[in-house]
Every structure is written in C-alpha cells, then in structure tokens.
Amino acid sequence: KPGTAPGSEGMLANFFNSLLNKNPKGGTP
Amino acid sequence: EVQQMAKQKAHELFSVCDIEQKGFITKRDMQRLQNELPLLPDQLEAVFDSLDDDGNGYLTLEEFTEGFGSYLGINFMG
C-alpha cells in the first residue's frame, strides 16, 4: 500500500514485540 | 482459527494501548506507552502513522488489527 515508509515494518515488529512482552497473559482465562 | 486467535490477541493489545477504553488510540495514548515500551517517542509516532491508514489521528481497532495481522503475515481482509 502507498505511504508505507521503508523500515516501518521492522519498527512495527519492534512495537508489537514489545507490546506482546509487556502483556504476557497468554494463558486461557 | 489462526486468524481468530490473532484477532483476539490484537484486541487484547489494543486495550493495553487504549487505557481509557475510548474505542480508538490517539498519539497521546501512544506517547504514554514510551514509559513501558523500549521505543523512542518518534518511533512510536512513526508506528502510529503507519498504522493509522486514513491518517485521521485516530487508530481504530480495525486499523490496529490489520497492522498486527501484517506483522504476523496474516491477511484479515476477505
């Protein structure tokens, strides 16, 4: 898609990784 | 099923960002995360801009989920 800056994918991955690590619920309720 | 799980996870992460449960994320919400995530303010802003597809300054659950999907390599469309 247009407007996706180069390198933004790595940044997104970094962001989601950090978010996932911050929120390690994982298990079923 | 994988899509379903990913959507659920996206929902969960969305609510981590949307602390006040407004139903959308603003840049302000994003900046608040810099205390908790190892990202610089301009990185968070760039992430926000790349997720905010229509560029209206509000990141919806749909936009967030789509971005999460592309991070996972899953296409939710269709």
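The sequence lines fix the lettering, A, B, ..., with proteins before strands; numbering per chain opens at 1. Values below: every heavy atom of this structure, side chains too, minus hydrogens, waters and symmetry copies.
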Q: Name the region of Met5(B), side chain, backbone, both or neither, that has any atom closer than 4.5 Å to a heavy atom of chain A.
A: neither
Q: In terms of side-chain heavy atoms, does Gln31(B) have a donor or acceptor partner in Gln34(B) at a distance below 3.5 Å?
A: yes
Q: With a 4.5 angstrom heavy-atom cut-off, could you sort out which part of Phe64(B) is near chain A: side chain, backbone, both or neither?
A: both
Q: In Å, rounded to the nearest 0.5 Å, how long is the span from CG of Asp52(B) to OH of Tyr58(B)?
A: 10.5 Å
Q: Would you check if there is a donor-acceptor pair between the side chains of Thr26(B) and Asp29(B) at a distance under 3.5 Å?
A: yes
Q: Is Phe68(B) close to chain A through its backbone or its side chain, or both, or neither, when contacts mean heavy atoms under 4.5 Å?
A: both
Q: Check whether Leu72(B) gets within reach of chain A through its side chain, its backbone, both or neither, counting any heavy atom under 4.5 Å.
A: neither
Q: Just by modelled atom types, is the Ala46(B) backbone N or O under 3.5 Å from a matching donor or acceptor in the Asp42(B) side chain?
A: no
